Structures are given as C-alpha cells and as structure tokens.
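Since this is a predicted model, take the numbers as computed values, not measurements.
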Amino acid sequence: EGMSHAKHRWMFVDDMVDIFNRHRQEHFIPSEWICADESISRWYGLGGIWINIGLPMYVAIDRKPENGCEIQNSACGRSGVMLRLKLVKQEEHEGQNAEDSKNAGDGAMPHGTSVLKYLILPWAQTERGVCADSYFASVTTAQVLMGIGFKFIGVVKTATRKYPMKYLSGLELTKGRGQRKGVVMKTLGRPWIMAFVWVDRDRRYFVSTAATLKDGKPYHRIRWRQPEPSTVDAADKDPNEQNDTEAERQELTVPQPEACEIYYATCGVIDQHNRHRQYSLSLKKKLQTRSWDKRVTSSLFAMYCVDAWLMYKGCTTDKPDQSPKLSQKEFYCQLAEELIDNNQERIRTRNRPANSDNGINMSVITGTVPILRATRKRKLGSNGKPTKFCAQGRCRVCIKARPTTVCSLCEDELHKTLYFCDNRSGRNCFEIHVQNYHS
C-alpha cells in the first residue's frame, strides 16, 4: 500500500543484490585494502525521465563509455572480487544535490560519504584501508572512516570543504613530475590527516590517513616523444623552425610517494573487473533482451562469473605476472559446462548400502533428489552407428508416448533406464512416478 511505481519495479532485482551482499559478507574475507567505485549495466531500451516504463533510473554520463543502470560497489583491492553492491535509484538521485547542499552547512554526512560507508560497513573495525575516487573522497569521509576503524586514501576534486585547496594550489612546484608537498593535521601532537599535492602531468590532490610522502616505487610509462636535435644541428637550425626529428617511443620514470603508490595499485581493480565483464565475457551482446530487469540481473550474473575467474586466477598462479592454466575464454566455457551439467543436489551424505533393491527409500539414504533429465543413450542410424539424437523409450506411466527423458535416481542408483514424459507435454507422468517410488 502506498508503494511508488518505481520502487515496485526495483523489487525485480533487489533480492538478487541483497543475496549477493549477504553471501559475500558471510563467506569472503577481503585483503588489507578495499576499492570503491561504480559500474554500469548497459541499457539503451525503454526508460528514463520521459516515460514511466522500463529502467526506473537511467544514468547517462559523458565520461562513461556506456549508459544504463549505475551500480555502486566495493571490491577487494588485491584480487578484484566484488564485495558489496548498491543500485542507484531514482529517489536517491533526485535528492542528492539538495542533500549535499544541506549537509554542507550543518556538518552532516555528505552523500558520497554515506554511500561509501554502506559499501564497506561489514568490514568495520578491522584496520583495513579504503581507496576511492573523487565521488566519495573528502575530509569528512576520512574522519568518518577513521571513526569506524578504516584507513583512507582518496583524490579530492570538488569536495574541498575543510580541505586546504587554496594553499596547495598556490604552492610553486617547479621540478615537474614527481614533486610533492603536503600539510598534516595533528591531534594531541600526533599526525591525524594529511593533505598533499603531487605532480604528474598535472597537479593531483589527495587526502590520506594511511601512508606518508616517502618515496614509493616509481611508475614507468611508454610514451611517444619528439627527441631534441643534436647540438651541432641545433646551431645551424633556425630557432623559429619546427622540430622535424622523427618521433620515438621513450620510457618515462616518474617518482611517486608511498600514498600514491598504494592508491594507484588499488583504485583500478573495479575498472578492470568492468572490462572483464563488458568486453571479455560480454553477456550484453550474447544475451539479447527487451526487459530491463533481465539486463540488470544478467549483469549481476556476469559479475559472479568474473569473480569466479578472478578467484581461479588467484588460486592457480603464484606470481602476479604468471598466466593461469586456462585462459579467460576457456574458463568461461568450462564454467558453463559445469553449470549446465550441475549435480550439486545429488551429492551423497553417507555410504551406499550393499543391497539397494530391498524396498528402502534411496533418496532418503543417499540424500539425492530425483530429477528428469535427457538420456545419455543415442539413437542408432541406418548404418548402426549412434547419431546426435537422444534415444526414445516408452513411458512407464502412460505407455503411449515415447519420450527421451529418464529418471536420474533410477538410472544412477538402481541402474535402470526408465523413461517418463516431460512436464512440458502437459502430462504429469514423472510426478506420479516420484510420488509412488521416491516420496
């Protein structure tokens, strides 16, 4: 009663997100660093502000390669496995700007801080670190996360309240790439929060409660550069003439502080996860649909598959630069085969008795569940060789039909191939068999 239309439509996918979050919270232990970012479930069908149907909240951002449903998420900084998801919904998006402007005056929690807190709250008070981009990062975020037992490193762009942006932007940094300067806030004589600027191609501003400005591992990049002409050629050359030397690939070595090394080693894991899901697995192109909820749930299922690949990769390689035994494409094919031929419900719970034909209920003893599946036998051709078609047998209940499906329990435990009609034919032959012999 009183539920909005948009909230009712979100219920098609809310359960899947809740089950995902609950399962990861109970069964996965992340590394010492957590990354927070967002993902996009690609959708160009119905929906948007112009029509009250389809995707309830359509997100179109110029800097994003795709448009559709935005999913804010957190991931393990080492393995890249997703930890927690949060759908961006209509009511949150509409009130976001008003909430931020209101909170800026009374000191309440900004929207980005509250979202980040929700994404990492299950691992509070564990002294882990969090790396986040400018959507989440601010001085308030660092203070709130310290209160619940998290370290924090983030890039500051627009959320400059309490941040010494004017002072840091006015500093002279003449040495170019790699130079850094910062200020530290102290409490009772101990460093608490650090704000610093680091120069790469341009200035980048950070807030940190985790690391220092000591020299970290420098990063190396290959770039096209126009080499300067030699001194002999330069003496004879007109200074107004353009440099026409041939461009070449050069390696740039840029010093960076310890805080930047940790941040850039962690902040890209969700982007890598998105590339695996959107381009390597690419379910959005393989599974065509006109229902927005099926598109979102298929994107969530693709996250499961990518997480399985990342776990397999981490368990089969000893070093980061090693390649796993199976490629990503081979792993997805093998995973699909195991999902299709799934026997998880037929796992034994105790040893099979010696005599299985004594009237004992086998499904109770072995913990198996009878299912209707296609027979493994193949139809013989005119030349006596098996074909690709399943063999047919007469139904044991209605006698008239000749189905290709058999009872799994009778075939595996009693070694009898008994054929029964499929439920799609409109007959309940298999249900009658289960009630009479396996109930």
Side-chain angles (χ1 to χ4, degrees), residues 33-38 61-65 72 74-75 77 80 100 104 110-113 115-116 119-120 129-146 150-185 191-225 250-272 274-275:
W33 285 96
I34 298 175
C35 173
D37 209 333
E38 63 274 344
I61 305 176
D62 292 339
R63 58 185 175 86
K64 296 295 182 181
Q72 296 165 334
S74 59
D100 289 345
H111 177 77
T113 305
V115 172
L116 181 60
L119 294 176
I120 63 175
V130 180
C131 292
D133 59 10
S134 58
Y135 182 88
F136 307 99
S138 64
V139 176
T140 304
T141 300
Q143 295 173 339
V144 171
L145 264 58
M146 288 185 66
F150 282 106
K151 297 175 288 185
F152 180 73
I153 302 177
V155 174
V156 176
K157 291 184 179 179
T158 56
T160 58
R161 190 170 184 267
K162 303 181 183 179
Y163 190 83
M165 180 63 75
K166 183 177 181 180
Y167 171 75
L168 292 177
S169 60
L171 294 176
E172 293 186 2
L173 303 175
T174 58
K175 296 181 180 180
R177 291 178 183 258
Q179 190 176 5
R180 82 286 302 223
K181 288 186 179 181
V183 295
V184 177
M185 178 192 297
W192 190 32
I193 301 177
M194 177 178 61
F196 68 96
V197 56
W198 172 66
V199 180
D200 187 9
R201 186 172 59 184
D202 49 10
R203 296 191 179 205
R204 302 180 183 180
Y205 301 91
F206 295 84
V207 57
S208 172
T209 60
T212 65
L213 293 183
K214 295 181 180 178
D215 288 336
K217 183 179 179 181
Y219 79 81
H220 305 276
R221 296 288 185 271
I222 303 297
R223 296 290 184 268
W224 283 102
R225 287 293 182 267
Q250 296 181 358
E251 182 180 11
L252 298 181
T253 300
V254 180
Q256 61 179 347
E258 180 186 12
C260 292
E261 178 189 355
I262 296 175
Y263 175 81
Y264 287 111
T266 306
C267 69
V269 294
I270 293 182
D271 293 332
Q272 296 171 4
N274 294 336
R275 285 193 291 270

**Student:** If the condition is side chain to side chain contact (heavy atoms under 4.5 Å, CB included), which residues does V254 pass it with, not counting sequence neighbours?
**Tutor:** R177, W198, D200, Y219

**Student:** Taking the side chain as everything from C-beta on, heavy atoms only, tell me whether N274 gets closer than 4.5 Å to D271.
**Tutor:**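 When only atoms from C-beta onward are counted, D271 and N274 do touch, with a gap below 4.5 Å.
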
**Student:** Is there a side-chain contact between K64 and E38 (heavy atoms, below 4.5 Å)?
**Tutor:** yes

**Student:** Are V156 and M165 side-chain neighbours, meaning at least one heavy-atom pair lies under 4.5 Å?
**Tutor:**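 In short, these two side chains touch, coming nearer than 4.5 Å.
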
**Student:** Which value, rounded to the nearest 0.5 Å, describes the distance between M194 atom CE and T212 atom OG1?
**Tutor:**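 Separation between the atoms: 6.5 Å.
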
**Student:** Return the minimal non-hydrogen interatomic distance between L213 and G182, and the atom names on each side.
**Tutor:** CD1-N, 4.0 Å

**Student:** Look up atom CG in L171 and atom NZ in K166, then write down how far apart they are to the nearest 0.5 Å.
**Tutor:**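 It comes to 13.0 Å.
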
**Student:** Could you go through the side chain to side chain contact (heavy atoms under 4.5 Å, CB included) check for R201 and L252 one step at a time?
**Tutor:** CA-CA 11 Å; R201 186 172 59 184; L252 298 181; over 6 Å; no

**Student:** Could you measure the distance from the OG1 atom of T141 to the OH atom of Y135? Nearest 0.5 Å is fine.
**Tutor:** 11.0 Å

**Student:** Are the side chains of I153 and I262 in contact, using a 4.5 Å heavy-atom criterion?
**Tutor:** yes

**Student:** By ring-ring contact (aromatic ring centres under 6.0 Å, His included), which residues pair with F136, not counting sequence neighbours?
**Tutor:**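 Per chain and number, F136 pairs via ring-ring contact (aromatic ring centres under 6.0 Å, His included) with no residue.
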
**Student:** Identify the heavy atoms of G77 and V269 that sit nearest to each other, and give their distance.
**Tutor:**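 Looks like O-CG1, 3.4 Å.
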
**Student:** What do the steps show when you test Q250 against W224 for side chain to side chain contact (heavy atoms under 4.5 Å, CB included), and what is the final call?
**Tutor:** CA-CA 6 Å; Q250 296 181 358; W224 283 102; over 6 Å; no

**Student:** Side chains of Y205 and L168: closer than 4.5 Å at any heavy-atom pair?
**Tutor:** yes

**Student:** Closest heavy-atom contact between L116 and A36?
**Tutor:**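 That would be CD1-CB, 3.4 Å.
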
**Student:** Which atom pair, heavy atoms only, marks the closest approach of S138 to A159?
**Tutor:**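 That closest heavy-atom pairing would be CB-CB, 3.8 Å.
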
**Student:** Among residues at least two apart in sequence or on other chains, which ones pass salt bridge (Lys or Arg N to Asp or Glu O under 4.0 Å) with K217?
**Tutor:**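 With neighbours one apart ignored, the set is empty.
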
**Student:** Which is it for T209 and W192 under the side chain to side chain contact (heavy atoms under 4.5 Å, CB included) test, yes or no, and what are the steps along the way?
**Tutor:** CA-CA 6 Å; T209 60; W192 190 32; 5.8 Å; no

**Student:** In Å and rounded to the nearest 0.5 Å, what is the CZ to CH2 distance from F150 to W33?
**Tutor:** 11.5 Å

**Student:** Taking only residues two or more places apart in sequence, or in another chain, which ones meet Q272 in a side chain to side chain donor-acceptor pair (under 3.5 Å)?
**Tutor:** none

**Student:** Please round to the nearest 0.5 Å and tell me the distance separating atom CE of M146 and atom CD1 of I193.
**Tutor:** 6.0 Å

**Student:** Can you find a heavy atom in the side chain of D133 that is under 4.5 Å from one in the side chain of V155?
**Tutor:**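 No, every pair of side-chain atoms sits at 4.5 Å or beyond.
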
**Student:** Please name all residues satisfying ring-ring contact (aromatic ring centres under 6.0 Å, His included) with Y163, sequence neighbours left out, ordered by chain then number.
**Tutor:** none

**Student:** Any Lys/Arg nitrogen of R204 or D202 sitting under 4.0 Å from an Asp/Glu carboxylate oxygen of the other?
**Tutor:**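 Yes, this pair counts.
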
**Student:** Taking only residues two or more places apart in sequence, or in another chain, which ones meet K181 in a side chain to side chain donor-acceptor pair (under 3.5 Å)?
**Tutor:**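 So K181 forms no side chain to side chain donor-acceptor pair (under 3.5 Å) with any residue.
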
**Student:** For G154 versus Y263, what's the shortest heavy-atom pair and its separation?
**Tutor:**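 Closest approach of G154 to Y263: CA-CE1, 4.2 Å.
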
**Student:** Where is the tightest heavy-atom contact between C267 and C35, given as atom of each residue plus distance?
**Tutor:** O-SG, 3.5 Å

**Student:** Looking at side-chain heavy atoms only, is the closest gap between K151 and L145 below 4.5 Å?
**Tutor:** no

**Student:** Is atom CD of E251 surrounded by more than 12 heavy atoms (other residues, nucleotides or ligands) closer than 6.0 Å?
**Tutor:**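 Counting neighbours around CD of E251, more than 12 heavy atoms of other residues, nucleotides or ligands fall under 6.0 Å, so yes.
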
**Student:** Is there a side-chain contact between R180 and P255 (heavy atoms, below 4.5 Å)?
**Tutor:**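 Sidechains of P255 and R180: in contact.
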
